[in-house]
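The structure appears right after this line, and notes come after that.
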Amino acid sequence: MRVLCVAEKPSIAKSITGILSGGRFTTRNTRTNFIKNYDFDYPQTNAHFTVTAVAGHLTSHSFHDTHQSWNSCDPFELFDAPVKSEISKDAKTMEANILAEARTADMLMIWTDCDREGEHIGSEIARVCRKAKRNIIVKRARFSAIIAQQIHNAAQHPVELDQAQADAVEARTVLDLKIGAAFTRYQTKTLKALANLPGELKIGPCQFPTLGFVVARYNDVQGFIAEAFWYIYLALTRNGEETKFNWRRGHLFDMDVAAVIYQQVLSDVTARVTKVTKKPTKKWKPLPLTTVELQKAGSRLLRLAPKKVLDIAEKLYQQGFLSYPRTETDQFDPQFDFMTLINKQTVDPAWGQFATTLQGGEFTPPRRGKNNDKAHPPIHPTAHVGNLAGDEKRVYEFVTRRFLACCSKDAVGSQTTIDVVCGGEEFFTTGLIVHERNYLDVYPYDKWVSHAVPDFAEGEEFRPSVCELKDGETSPPSLLTEADLVTLMDKNGIGTDATIAQHIETIVQREYVIERFEGQVKYLVPSTLGIGLIEGYNQIGFDKSLSKPQLRRETERAMVQVCERNKTKHDMLNQAIEQYKEMYIIARRDFGRVITVSQSRFLPYSI
DNA sequence: GCAAGGTC
């Protein structure tokens with residue numbers, strides 16, 4: 001029996017080979033530089049195994065010649081035009097490899113990631129192998145972590161490929177192409193005549209809402225009207241130290257009411273301590289690291305663009321320093337071997353000492369988040385490396401410190417709250433004493449510092465040194481940062497962990513969005529072009545405007561229904577296409593308004 | 001010449 005195993009990427013092929021072969025295997029090169037074929041015997045199932053890989057999807061989708069050219073048809077026709085799927089140019093040599101290997105194999109065992117895209121890639125691989133050998137047995141190995149026991153179990157008990165998941169991905173792929181092509185061709189043709197545009201106005205179902213978020217926040221900032229408020233401020237200076245008290249009411253927007261209360265307080269300005277509460281408190285250590293969290297942290301703490309952080313993590317992964325950097329999982333497998341990885345870090349001059357204390361008994365299992373993609377563990381260092389420089393060093397350091405922090409203990413402190421009453425009004429102040437820093441010692445990105453309050457006794461009375469009616473005003477929301485945008489996209493299901501950063505980079509490259517620095521912080525502001533497009537589409541009055549996340553969220557939901565077999569891929573495709581067609585028709589009917597809004601925006605092209 | 005999703 002000869003079994004051909006095909007993984008989604010070379011690294012997985014290598015890992016499962018190492019486990020299944022027990023380290024005894026031979027390696028053959030293929031015509032694709034980075035893909036190897038591994039051969040070995042697997043006595044457990046009395047089979048000869050060949051393990052290889054592809055690199056993601058093998059096929060790409062396009063229109064037939066009749067609709068390929070921009071002048072071949074009205075863009076609207078694209079919604080109903082047939083779409084063909086072909087092996088993409090880059091994938092030809094990978095296809096040739098698995099074709100050749102499949103010819104002499106009895107069974108194909110698919111080892112792609114256990115997610116929707118993995119199931120679809122599996123279906124692409126199966127199609128190629130059946131072309132080489134019509135009656136090849138097709139099986140799928142199911143595993144949720146690269147752990148010896150799981151990999152052996154998957155190899156010995158393969159299951160069937162899940163066609164429903166592959167169908168869901170197929171439907172989305174076709175849908176995205178049609179939407180992207182129809183709207184891109186239409187708005188480019190219509191608006192290009194107007195202004196001196198640099199090229200095509202490319203747009204797609206993820207680009208629309210991503211840009212929409214940036215414009216919406218910009219409008220919130222522009223349209224913000226500050227509101228005045230009033231509050232009573234109380235302070236006590238004792239032994240040269242000032243303690244500030246907060247008003248329980250926070251602040252009031254009605255000056256007259258605030259003034260009346262203030263007068264009442266002034267009638268008796270003796271403050272009495274009603275309660276002194278001292279309670280233990282903790283600062284929780286961080287959750288295991290996902291891609292989205294890495295990007296947010298990278299943007300906020302390291303000031304690196306999300307795409308840049310992911311590119312660096314990718315490179316460190318390829319060098320064997322980090323685990324796979326695209327993961328939604330924020331819980332470690334219970335069998336995860338923490339100690340071996342912690343041991344590797346004990347030699348580091350900066351955090352080695354801390355790793356040693358974890359080794360010596362301070363280790364505590366990481367917190368468990370709510371997400372598990374069943375394909376990859378949280379991001380962690382897989383080896384120690386001491387000779388990195390620049391941004392690579394900073395990203396590696398962040399991931400490593402985060403991992404060690406996860407394996408450490410929460411910080412422990414105690415919080416003191418002092419409640420006082422003055423003139424019938426309640427005020428309070430709090431103090432914090434940090435007793436054990438624990439994970440904070442290795443994770444300087446979190447701040448938690450003691451701020452003591454003087455000793456107050458219950459029942460104690462004092463005369464405040466300050467009692468004033470102060471005013472202030474509400475402050476505008478801040479412009480969107482990249483970290484904010486990643487959060488919004490993640491929450492609304494726009495893009496995936498692997499593509500969110502890409503989408504952000506795309507709208508910047510297309511000049512719909514401009515990066516604006518205020519000090520060290522980078523904000524995203526829409527360009528005149530970006531505002532013109534989004535406001536134009538919004539003015540048309542879609543309740544499900546293309547600039548809002550709703551339509552994309554519905555696509556995501558429909559995919560889940562297809563996966564659960566509550567909907568066919570044809571129904572999903574037809575229903576979604578009908579909705580986008582409707583948007584398109586309204587846009588075309590009212591596009592004059594888009595043009596009016598756009599014209600003033602487009603002419604002064606750059607900001 | 002259009003997208004979004006994989007990964008190199």
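Lettering of chains follows the sequences in order, A, B, ..., and the numbering in each one begins at 1. Computed over heavy atoms, backbone and side chain alike; hydrogens, waters and symmetry mates excluded.
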Tell me: [atom1] of [X] to [atom2] of [N], nearest whole Å?
X       : N      : atom1 : atom2 : result
Q165(A) : dG6(B) : CD    : P     : 13 Å
D115(A) : dG6(B) : CG    : C1'   : 9 Å
Q68(A)  : dG1(B) : CD    : P     : 8 Å
E328(A) : dG5(B) : CD    : P     : 12 Å
L191(A) : dC2(B) : CG    : C1'   : 15 Å
L310(A) : dC8(B) : CG    : P     : 12 Å
H120(A) : dT7(B) : NE2   : C1'   : 15 Å
E117(A) : dA4(B) : CD    : C1'   : 8 Å

Lys/Arg cation over aromatic F76(A): R588(A), 6.0 Å, 45° cone | yes
Does [X] make a side-chain N or O approach to OP1 or OP2 of [N] shorter than 4.0 Å?
X       : N      : result
Q207(A) : dA4(B) : yes
R326(A) : dT7(B) : yes
H67(A)  : dC2(B) : no
R116(A) : dA4(B) : no
T496(A) : dG6(B) : yes
T499(A) : dG5(B) : yes
R510(A) : dG1(B) : no

So if I take every side-chain heavy atom of [X] and compare against [options], which nucleotide ends up nearest?
X       : options                : answer
M94(A)  : dC8(B), dA3(B), dC2(B) : dC8(B)
H61(A)  : dG5(B), dA3(B), dG6(B) : dA3(B)
K9(A)   : dT7(B), dC2(B), dA4(B) : dT7(B)
R552(A) : dA3(B), dC2(B), dG5(B) : dG5(B)
H57(A)  : dG5(B), dA3(B), dG1(B) : dG5(B)
R185(A) : dC2(B), dC8(B), dA4(B) : dC2(B)
E314(A) : dA4(B), dC8(B), dC2(B) : dC8(B)
W70(A)  : dG1(B), dG6(B), dA3(B) : dG1(B)

Charged N-O contact under 4.0 Å between E328(A) and K370(A) =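 Judged by the 4.0 Å cut-off on N to carboxylate O distance, E328(A) and K370(A) do not form a salt bridge.
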If each of H376(A) and A182(A) is mapped to the nucleotide of DNA chain B with the nearest heavy atom, which maps nearer the 5' terminus, i.e. the 5' end?
-> A182(A)
Which residue lies toward the 5' end of DNA chain B, S69(A) or H503(A), if each is placed at its nearest nucleotide?
-> S69(A)
T481(A) versus D484(A), side-chain donor and acceptor atoms under 3.5 Å = yes
What does [X] touch in the nucleic acid at a heavy-atom separation under 4.0 angstrom: a base, only the sugar-phosphate, or nothing?
X       : value
I179(A) : nothing
L58(A)  : nothing
Y324(A) : sugar-phosphate
D113(A) : sugar-phosphate
P75(A)  : nothing
E8(A)   : sugar-phosphate
G495(A) : sugar-phosphate

Does the ring centre of F183(A) sit less than 6.0 Å away from the ring centre of Y584(A)?
-> yes
Assess the pair F208(A) and Y537(A): is the distance between their ring centroids shorter than 6.0 Å?
-> yes
So F40(A) and F49(A), would you call those rings parallel, tilted or perpendicular, with 30° and 60° as cut-offs?
-> tilted
Aromatic rings F143(A) and W111(A): how do their planes relate, parallel, tilted or perpendicular, breaks at 30° and 60°?
-> tilted
